[in-house]
Amino acid sequence: MDELNTGVPVAIHLDTYITQEGEEFHFAFDEDGQLFQMGDSFYIRYQETDEDTKEQIPVTMKIDSEGDVLLTRSGENKLRLRFSNGKRIQARYRTPYGILPVDTVTPFLEVRVRDRPFSGTVNVDYQLFAGESLLGDYKIRLQFTA
């Protein structure tokens, strides 16, 4: 698809499952976004609406040629998490109170893309750690369709 160089509109459905301190949370939303291709990487961009402040938070999900995923959220709290199947990777979580070093451990990562219609899924199961302390277990289920 040549249009991927300039970006194509995509419909996005995202489910996020969170388990923290024995409590489970589920968030789901549908948004319009853009899909780009730069080199061997795909970028999915969309705006997430903060449920409390109604602020629009820019989110970018980069899928590289190795199948690794980089998630960037650029709201008041800036977050850049990298996911690589079976690996522990350091990251930073920038808050108004300072920078928190965190690690992601990704036991499951799956990216699927189809041509006709151009669509795909990104499934990530990960754990978030601050040092050796487990902050939570997370599952991201993103579906997009051009």
Side-chain angles (χ1 to χ4, degrees), residues 4 7-115 117-146:
L4 286 177
V8 295
V10 290
I12 293 171
H13 177 77
L14 178 69
D15 286 295
T16 304
Y17 302 89
I18 302 169
T19 304
Q20 293 176 325
E21 298 176 357
E23 291 191 63
E24 294 185 10
F25 305 93
H26 173 238
F27 302 96
F29 70 82
D30 294 289
E31 296 285 349
D32 292 327
Q34 290 279 315
L35 177 70
F36 300 87
Q37 183 174 11
M38 296 169 71
D40 291 338
S41 299
F42 288 101
Y43 294 81
I44 301 168
R45 293 188 184 141
Y46 58 94
Q47 300 281 328
E48 193 174 293
T49 304
D50 183 289
E51 289 188 7
D52 297 327
T53 66
K54 303 302 179 205
E55 174 190 4
Q56 293 288 298
I57 302 166
V59 179
T60 302
M61 190 174 283
K62 175 186 176 187
I63 305 162
D64 70 21
S65 60
E66 305 296 315
D68 289 351
V69 172
L70 176 66
L71 177 67
T72 306
R73 294 181 83 239
S74 302
E76 180 180 3
N77 298 326
K78 296 188 184 322
L79 181 66
R80 287 177 52 96
L81 299 178
R82 180 174 292 280
F83 307 109
S84 185
N85 224 351
K87 294 185 181 171
R88 184 177 187 125
I89 299 175
Q90 292 182 333
R92 288 195 181 125
Y93 185 36
R94 184 182 310 258
T95 73
Y97 310 105
I99 297 174
L100 295 168
V102 294
D103 291 356
T104 60
V105 174
T106 309
F108 177 73
L109 173 63
E110 175 185 67
V111 177
R112 292 186 186 169
V113 178
R114 291 177 290 285
D115 272 343
F118 193 78
S119 59
T121 57
V122 179
N123 298 318
V124 183
D125 294 359
Y126 70 98
Q127 297 174 309
L128 193 62
F129 288 89
E132 294 305 313
S133 298
L134 176 64
L135 299 177
D137 291 294
Y138 300 80
K139 293 182 181 186
I140 297 171
R141 300 294 182 261
L142 183 137
Q143 301 169 6
F144 63 90
T145 305

Between Gln34 and Gly7 the two heavy atoms that sit nearest each other are OE1-C, 3.5 Å
Quick one: does Ser41's side chain have a donor or acceptor within less than 3.5 Å of a partner on Gly39's backbone?
no
Answer yes or no: are there more than 12 heavy-atom neighbours, outside Arg114 itself, under 6.0 Å from its atom CZ?
yes
Minimum heavy-atom distance Ile89-Ser84, with the two atoms named:
CD1-CB, 3.6 Å
Taking only residues two or more places apart in sequence or in another chain, which ones pass ring pair (Phe, Tyr, Trp, His ring centres under 6.0 Å) with Phe144?
none
Can you name the nearest heavy-atom pair linking Leu109 to Gly67, along with the distance?
CD2-O, 3.3 Å
Out of curiosity, Ile140 CD1 to Phe108 CZ, how far, rounded to the nearest 0.5 Å?
12.5 Å
side-chain contact (heavy atoms from CB on, under 4.5 Å) with Arg82: which of Thr104, Thr72, Asp64, Thr106?
Asp64
Should we say atom CG of Asp40 is surrounded by more than 12 heavy atoms from elsewhere, each under 6.0 Å from it?
no
Set of residues satisfying ring pair (Phe, Tyr, Trp, His ring centres under 6.0 Å) with respect to Phe25, sequence neighbours excluded:
none
Taking all non-hydrogen atoms of both residues into account, name the closest pair between Pro107 and Asp125 and its distance.
CD-O, 3.1 Å
When you check the side-chain N and O atoms of Gln56 and Tyr46, is any donor under 3.5 Å from an acceptor?
no
The single option from Ile63, Leu142, Val124, Thr121 passing side-chain contact (heavy atoms from CB on, under 4.5 Å) against Val111:
Ile63
Closest approach of Ile12 to Gly33 (non-hydrogen atoms, all atoms of both residues):
CD1-CA, 4.0 Å
Note, Pro101 side chain near Arg92 side chain (heavy atom, < 4.5 Å)
no
Scanning both residues in full, the closest heavy-atom pair of Val122 with Met61 reads CG1-SD, 3.7 Å
Would you compute the distance between atom CD1 of Ile99 and atom CZ of Arg94 and round it to the nearest 0.5 angstrom?
4.0 Å
Is there a side-chain contact between Val69 and Glu110 in this structure, where contact means two heavy atoms from C-beta onward sitting under 4.5 Å apart?
no
If you count the non-hydrogen atoms of other residues, nucleotides and ligands that lie under 6.0 Å from CZ in Arg88, is the total more than 12?
yes
Look up atom CG in Leu71 and atom NZ in Lys62, then write down how far apart they are to the nearest 0.5 Å.
13.0 Å
Out of Tyr17, Tyr126, Phe27, Phe83, which one pairs with Tyr138 under the ring pair (Phe, Tyr, Trp, His ring centres under 6.0 Å) rule?
Tyr126
Working to the nearest 0.5 Å, report the span between CG of Leu14 and CD of Gln143.
9.5 Å
What is the distance from atom CD1 of Ile18 to atom NZ of Lys139, rounded to the nearest 0.5 Å?
12.5 Å
My understanding is that only one of Asp103, Leu134, Leu135 makes a side-chain contact (heavy atoms from CB on, under 4.5 Å) with Gln127; could you say which?
Leu134
Any side-chain heavy-atom pair from Leu128 and Leu81 closer than 4.5 angstrom?
yes
What distance do Lys78 atom NZ and Thr95 atom OG1 have between them, rounded to the nearest 0.5 Å?
11.5 Å
So Leu35 and Pro9, do their side chains get closer than 4.5 Å, heavy atoms only?
no
Applying ring pair (Phe, Tyr, Trp, His ring centres under 6.0 Å) to Tyr43 and not counting sequence neighbours gives none
Cation-pi between Arg45 and Phe36: NZ/CZ under 6.0 Å from ring centre and within 45° of the ring axis?
yes
